[in-house]
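Okay, so here's the structure we're looking at.
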Amino acid sequence: MKPSGPLDRVAGAHDAAVLAVARRGEPVARTGLAEALQVTPQAISKILSRLSERGLMAELGSVSFGPGKPTTLYGIVPESRRAIGVHLTRTRLHGVVADLTGQILERREVEIDRGQPVPELISVLASAARDLARHGAGELLGVGVGMPGPVDPVAGVPLDSSSPTDAWRGASIRDLLLTELDMPVLVDHDSRAALVGESWSQPGLLDNAVLVLAEEGLGAAMRLDGTIVRGAHSRAGEAGHTVVRMGGRPCPCGRRGCAQAEYLAALEDDDQELAAEVLATVVLNLVRLVDVDRVVLGGRSIYAHHQVTMDAIRAALDRGLHAGAHGHVEVLLSTRGVDLIAAGAACEVLEHEYGLPSALVGPAAL
Ligand SMILES: [Zn+2]
């Protein structure tokens, strides 16, 4: 198998485009790929043989459509690559190892102490990653970590937090873990990781989408025109700190009436309808602001009351968007359940290696 390196990345965009089509799970053929990606069949042959040589794709057999040479079918080789994904909260670590298609091979759950000192946290993270690395066979590409934000994904550092006791603020989680594990590490905001994971096996489906995540807090991530939005300070999507009630409940961020404060207070009062109303307001505001066609909901707080939440959001969108004048917006529950962020963090590693500008691949299967 050829090692990957800077020169390998030059061919990466074409290879990634073919892999993105194959990732949907259907067998692919040279002619169909050439039409879909608007390159010559000869170029596709080169890409397919390069991907096969690297073990990422393999011939599945051939079929005949009438007279002439039979068509060779190719498929992705899920077990050829692996990535580890970790969802880190202040009390728990949920880790997975996933194959090239984002399918989970194994899980680990470890409780951690709130405010655990950074060196101990790194050692717990590393030990979970080493444990997960023993499962599956393909080349291990690295470790992704999704954590509550804001997070600077370039530096791999959690930024200032609204929680004054947060012992991890400003810690170089990525660099420390990289030194400990000696493999690539990627750290990002939990909701961004979740959004990448949600669309990894269906490239193009969530090109204009928001993912609203309700775990211990409330946040969102956006992909607009095929690109995940990070913003000038990696803080895009902090929907939990947008105000939904003037003069409302105090929020640790210093303001009043933030969506997160109102949502958590409603949950504490066991007022699920009010909590759902808050979420619906956040979703409608986001849809109005950035014009998406899909909204994905995920996170433990949402799963606990998903029916009332989905109903409230659909009703709010119907009312707020004047029944179709704005275009249809689909509201979906995450397909990944509680694995959402861990799987997403693993998929961010896969995307780093094999992702592509998704404008190259439309949502339709070949
Ligand atoms: Zn706030």
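Counting starts at 1 for both ligands and their atoms, in listed order. The basis for the numbers below is simple: all heavy atoms, side chains too, and nothing from hydrogens, waters or symmetry mates.
Protein N, O or S atom count below 2.8 Å of the Zn ion (ligand 1): the structure gives 4.
Between the side chain of Arg223 and the backbone N or O of Asp207 there is no donor-acceptor pair closer than 3.5 Å.
Listed by chain and residue number, Arg108, Arg134 satisfy the salt bridge (Lys or Arg N to Asp or Glu O under 4.0 Å) test with Asp131 (two or more places apart in sequence, or in another chain). Residues that satisfy the salt bridge (Lys or Arg N to Asp or Glu O under 4.0 Å) test with Asp339, not counting sequence neighbours, are Arg107.
Taking CG from Leu121 and CZ from Arg90, the interatomic distance works out to 11.5 Å, rounded to the nearest 0.5 Å.
Through direct or indirect side-chain contacts shorter than 4.5 Å among Ile, Leu, Val, Met, Phe, Trp and Tyr, Leu274 is connected to no other residue.
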Would Glu180 and Arg130 count as a salt bridge (charged side-chain N to carboxylate O under 4.0 Å, His left out) if you check the C-alpha gap in whole Å, the side-chain angles of each, and the deciding distance to 0.1 Å? CA-CA 10 Å; Glu180 187 75 22; Arg130 284 192 200 100; 3.4 Å; yes
